[in-house]
Enquirer: 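Quick one: structure below, then a few questions.
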Amino acid sequence: MNSFYIHNFAGGVNQSRNASFIRLNESPNSYNVDTEDGLLNTCKGYTKYSQYKVNGSINAIGGNYVGNSGVVMLASNNNIYKLTSSGMTSILSNYNTSNFDFINFEVKGEKAFIFANGVDNLKTYNGTTVRTLLNRRPVYDENTGDLKHYVDANGTIHQSESTIKTYAPKGKFIEMYKDRVFIAGDAENPNRVYYSTAGINGADVEDWTYPIEEGEANMHGGYEEFPTWDGGVIIGLRTLFGEITIFKNKQIIQLYGTYPGNYEQRTLFTSNGAISDRSIVFGANRCFFLDTDGIYAYNGVNVDCVSEKIKDVIRGLNKSALSKSCGIFYDGEYYLAVPNGNSTTNNLLIIYNPTTNIYKIRKNININGFIEFENELLLVNNTGYVYKFSDVYTYDGTPINSYWESCIYDGRAKNIRKYTEYLYFSGWGNGDVKITITTDKKSVERVFTLTSEEKEYKRRINNSGRRLQIKIENINGSEIHIKSPTLTLELDED
């Protein structure tokens with residue numbers, strides 16, 4: 001018996017070539033489906049992580065690990081919030097949150113949450129209070145090693161830190177590298193990267209003072225300039241493969257060396273450049289980031305485009321809003337939220353598995369930020385809630401509309417007309433699924449009501465043509481699980 005048989009659905013999306021030339025288990029267009037196990041399933045969604053919310057959209061999410069356990073930190077409506085099991089608390093108000101980056105490090109030997117926004121000087125939170133980090137250098141007695149006094153960034157001596165009025169630099173992007181804090185994105189110095197000291201007295205995130213004497217280069221903080229004379233500015237910082245990496249609009253540069261006295265710059269990649277600092281993610285021994293023409297991966301030696309399989313998706317993104325994109329590497333996959341179509345907010349999720357080179361697409365999902373927190377993947381969006389990805393088939397109660405279409409099948413015989421007879425598949429679910437058989441002549445659809453127990457389904461479908469395509473979609477967001485559809489055919493050779 002001749003048939004169009006889809007053994008499994010595990011191939012994911014493939015737009016790298018015409019739909020007539022992809023594999024039977026691949027799809028030129030599918031979204032909101034999971035296929036890793038070979039079945040076609042409605043994708044899993046998310047539920048609320050907490051019932052507490054803020055009034056307005058959440059721009060970013062972070063984890064604060066001050067104390068014995070972590071807490072979730074949120075940036076929203078010019079406030080920084082702390083989310084705990086007992087409620088949502090604002091720890092800082094009147095703070096611009098349109099940009100927000102953070103690290104967990106230490107200040108004066110104690111754990112601290114250090115954050116930046118590109119407008120205000122660098123700030124720190126110790127679990128109780130927020131304050132602005134200073135910029136001063138301590139001076140010690142050469143004989144006893146005791147602290148003598150402080151010298152601020154203007155060269156003024158202070159007996160106490162309480163009188164110091166010079167502060168750590170401003171910037172949008174913050175990163176740690178060899179016990180120094182690096183910060184970039186200063187609007188007045190867009191090609192500059194500042195760094196704190198990691199000198200003879202240890203890491204000190206409040207000493208950004210530039211060396212004033214020869215031989216002091218490694219004892220204090222300072223800065224490096226990264227001019228490229230192409231109009232580009234710094235748009236991201238990451239520590240990759242043991243080196244601090246600077247992302248600009250059109251170049252990627254690494255700063256090699258263990259201390260300022262031997263720092264050297266090396267250009268890794270020249271292109272359109274990374275679009276968003278928050279799209280830059282490290283995982284599976286590679287760095288992934290979004291460029292205007294696709295997703296790229298840097299393996300420590302080469303930078304390669306890895307998004308050929310979703311080139312139509314990339315082409316449909318809103319290039320003017322890609323700075324909103326954000327990503328995370330979780331459970332072996334790169335999650336990237338992006339603005340699609342005319343949207344100015346992230347409304348599409350790309351999931352890429354670099355081990356299998358398989359892509360999945362999630363549509364109609366708003367994500368402004370991710371974090372892996374206590375072994376769960378959390379997300380935030382415009383609703384004001386924090387959510388977690390979980391084993392449910394809705395977006396917190398909103399139905400998920402899923403769609404999958406096959407390759408265009410001609411049985412390697414374009415001269416033979418195929419007459420469809422019966423469609424067979426096994427499956428289960430909690431609602432209806434629509435299956436459409438499209439030929440070069442017409443489309444015929446059938447609706448099946450799935451039961452909670454797996455069973456076999458059979459329906460006659462009369463259609464004919466030289467090329468066939470199967471389209472499967474759930475109805476009203478129903479949960480569906482489809483296994484190995486088979487369309488029997490009668491052949492008529494010209």
Side-chain angles (χ1 to χ4, degrees), residues 8-16 25-27 29-47 49 61 63 238 240-241 274-291 294-300 303-314 317 322 324-340 346-381 387-393 395 400 402 404:
N8 68 73
F9 295 90
V13 178
N14 189 354
Q15 299 169 346
S16 65
N25 70 348
E26 295 177 330
S27 171
N29 181 26
S30 69
Y31 54 85
N32 296 344
V33 295
D34 284 327
T35 59
E36 294 92 336
D37 58 1
L39 303 178
L40 180 68
N41 310 289
T42 305
C43 73
K44 293 177 180 177
Y46 58 75
T47 57
Y49 172 75
I61 182 172
R238 287 294 184 276
L240 303 173
F241 303 101
I275 299 303
S276 168
D277 173 62
R278 295 195 300 153
S279 79
I280 306 166
V281 170
F282 187 81
N285 295 316
R286 277 173 281 184
C287 169
F288 300 94
F289 62 91
L290 179 65
D291 195 316
I295 297 170
Y296 283 77
Y298 169 57
N299 63 6
V303 179
D304 300 302
C305 182
V306 296
S307 57
E308 186 67 14
K309 279 190 168 184
I310 56 166
K311 63 181 183 180
D312 294 341
V313 173
I314 297 295
L317 301 182
L322 286 183
K324 302 286 184 67
S325 62
C326 59
I328 193 171
F329 199 86
Y330 176 76
D331 197 23
E333 295 180 313
Y334 177 42
Y335 286 67
L336 179 65
V338 289
N340 186 49
N346 297 332
N347 62 344
L348 185 143
L349 174 62
I350 299 169
I351 304 175
Y352 174 56
N353 187 317
T355 302
T356 61
N357 194 32
I358 287 176
Y359 278 94
K360 297 177 291 187
I361 304 299
R362 302 284 186 263
K363 284 189 175 182
N364 303 315
I365 180 170
N366 172 224
I367 300 175
N368 296 337
F370 300 97
I371 187 175
E372 182 178 356
F373 187 77
E374 297 180 344
N375 301 316
E376 292 185 306
L377 180 57
L378 308 185
L379 67 102
V380 292
N381 57 28
Y387 298 93
K388 62 179 180 180
F389 285 94
S390 56
D391 292 335
V392 298
Y393 294 97
Y395 294 148
I400 299 174
S402 58
W404 183 93

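Because the structure is predicted, anything quoted here is derived from the model rather than measured. Side chains are part of it too, since the values below use all heavy atoms of this structure and drop only hydrogens, waters and symmetry mates.
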Enquirer: Can you see which heavy atom on S402 is nearest to which on T42, and at what distance?
Expert: OG-OG1, 3.8 Å

Enquirer: Suppose we screen for salt bridge (Lys or Arg N to Asp or Glu O under 4.0 Å). Which residues come up paired with E36, at least two apart in sequence or across chains?
Expert: K360

Enquirer: Look up atom OH in Y330 and atom CD1 in I371, then write down how far apart they are to the nearest 0.5 Å.
Expert: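 Separation between the atoms: 12.5 Å.
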
Enquirer: Tell me, please, which residues at least two apart from N41 pass side chain to side chain donor-acceptor pair (under 3.5 Å).
Expert: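 Expected list: D37, H481.
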
Enquirer: In terms of relative ring orientation, are Y359 and Y352 parallel, tilted or perpendicular, with 30° and 60° separating the classes?
Expert: parallel

Enquirer: Please step through side chain to side chain contact (heavy atoms under 4.5 Å, CB included) for the pair S279 and Y334, ending with a clear verdict.
Expert: CA-CA 10 Å; S279 79; Y334 177 42; 4.1 Å; yes

Enquirer: List the residues meeting salt bridge (Lys or Arg N to Asp or Glu O under 4.0 Å) with D331, not counting sequence neighbours, and say none if there are none.
Expert: none

Enquirer: With side chain to side chain contact (heavy atoms under 4.5 Å, CB included) as the test, pick out the partner of I361 among V13, N29, N32.
Expert: V13

Enquirer: Angle between ring planes, F289 versus Y296, binned at 30° and 60°: parallel, tilted or perpendicular?
Expert: parallel

Enquirer: Please report the interatomic distance OG1(T356) to CD(E333), rounded to the nearest 0.5 Å.
Expert: 7.5 Å

Enquirer: Would you say the side-chain atoms of R362 pair up with the backbone N or O of V33, donor to acceptor, closer than 3.5 Å?
Expert: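 Yes: the side chain of R362 pairs with the backbone of V33.
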
Enquirer: Can you name the closest pair of heavy atoms from I61 and G369 and give their distance?
Expert: CG2-C, 3.8 Å

Enquirer: For the atom pair CG (N285) and CG (L240), what is the distance rounded to the nearest 0.5 Å?
Expert: 11.5 Å

Enquirer: Using modelled atom types and a 3.5 Å cut-off, is there a donor and acceptor pairing between side-chain atoms of R238 and backbone atoms of F282?
Expert: no

Enquirer: Decide yes or no for Y49 and Y387: does some side-chain heavy atom of the first lie under 4.5 Å from some side-chain heavy atom of the second?
Expert: no

Enquirer: Go through the steps to decide whether C43 and Y395 satisfy the test side chain to side chain contact (heavy atoms under 4.5 Å, CB included), and finish with yes or no.
Expert: CA-CA 10 Å; C43 73; Y395 294 148; 4.1 Å; yes

Enquirer: Heavy atoms only: give me the nearest K311-S16 pair and the separation to one decimal.
Expert: NZ-O, 3.6 Å

Enquirer: Taking only residues two or more places apart in sequence or in another chain, which ones pass side chain to side chain donor-acceptor pair (under 3.5 Å) with D391?
Expert: K44

Enquirer: For a side chain to side chain contact (heavy atoms under 4.5 Å, CB included) with Y46, tell me which candidate from I367, L377, N381 qualifies.
Expert: N381

Enquirer: Tell me, please, which residues at least two apart from K363 pass salt bridge (Lys or Arg N to Asp or Glu O under 4.0 Å).
Expert: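 For K363, no residue satisfies salt bridge (Lys or Arg N to Asp or Glu O under 4.0 Å) once neighbours in sequence are set aside.
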
Enquirer: Supply the atom-to-atom distance N346 CG to N366 CG, rounded to the nearest 0.5 angstrom.
Expert: 7.0 Å

Enquirer: Could you tell me whether the side chain of L348 reaches within less than 4.5 Å of the side chain of I350, counting heavy atoms only?
Expert: yes

Enquirer: Tell me, do N368 and C326 make a side-chain contact under 4.5 Å, heavy atoms counted?
Expert: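 Contact flag for N368/C326 side chains = no.
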
Enquirer: Report the distance from atom CZ of F288 to atom OG of S307, rounding to the nearest 0.5 Å.
Expert: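 Here the interatomic distance stands at 11.5 Å.
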
Enquirer: For the OH atom of Y31 and the CD1 atom of I400, what is their distance to the nearest 0.5 Å?
Expert: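 Interatomic distance, Y31 OH to I400 CD1, rounded to 0.5 Å: 12.5 Å.
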
Enquirer: State whether the side chain of D34 and the backbone N or O of L40 hold a donor-acceptor pair below 3.5 Å, judged by distance alone.
Expert: no

Enquirer: Give the minimum heavy-atom separation between R286 and A297, together with the two atoms involved.
Expert: CD-CB, 4.1 Å

Enquirer: Going by the angle between their ring planes, with limits at 30° and 60°, are W404 and F9 parallel, tilted or perpendicular?
Expert: perpendicular

Enquirer: Looking at side-chain heavy atoms only, is the closest gap between I295 and L290 below 4.5 Å?
Expert: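 I295 vs L290: side chains touch.
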
Enquirer: For N299, which residues count as a side chain to side chain donor-acceptor pair (under 3.5 Å) partner, sequence neighbours excluded?
Expert: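 None.
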
Enquirer: Okay, side chain of Q15, backbone of V313: is any donor-acceptor separation there less than 3.5 Å?
Expert: yes

Enquirer: Do L379 and Y335 touch side chain to side chain, with heavy atoms closer than 4.5 Å?
Expert: no

Enquirer: Would you find a donor on one side and an acceptor on the other, under 3.5 Å apart, between the side chain of N353 and the backbone of I358?
Expert: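 Checking the backbone N and O of I358 against the side chain of N353, no donor-acceptor pair under 3.5 Å is found.
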
Enquirer: Verify whether one side chain among N25 and N8 offers a donor that lies under 3.5 Å from an acceptor in the other.
Expert: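 Checked: N25/N8 side chains pair up, N/O donor to acceptor below 3.5 Å.
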
Enquirer: For F370 and V281, run side chain to side chain contact (heavy atoms under 4.5 Å, CB included): C-alpha distance rounded to whole Å, both residues' side-chain angles, the deciding distance at 0.1 Å, then the answer.
Expert: CA-CA 11 Å; F370 300 97; V281 170; over 6 Å; no

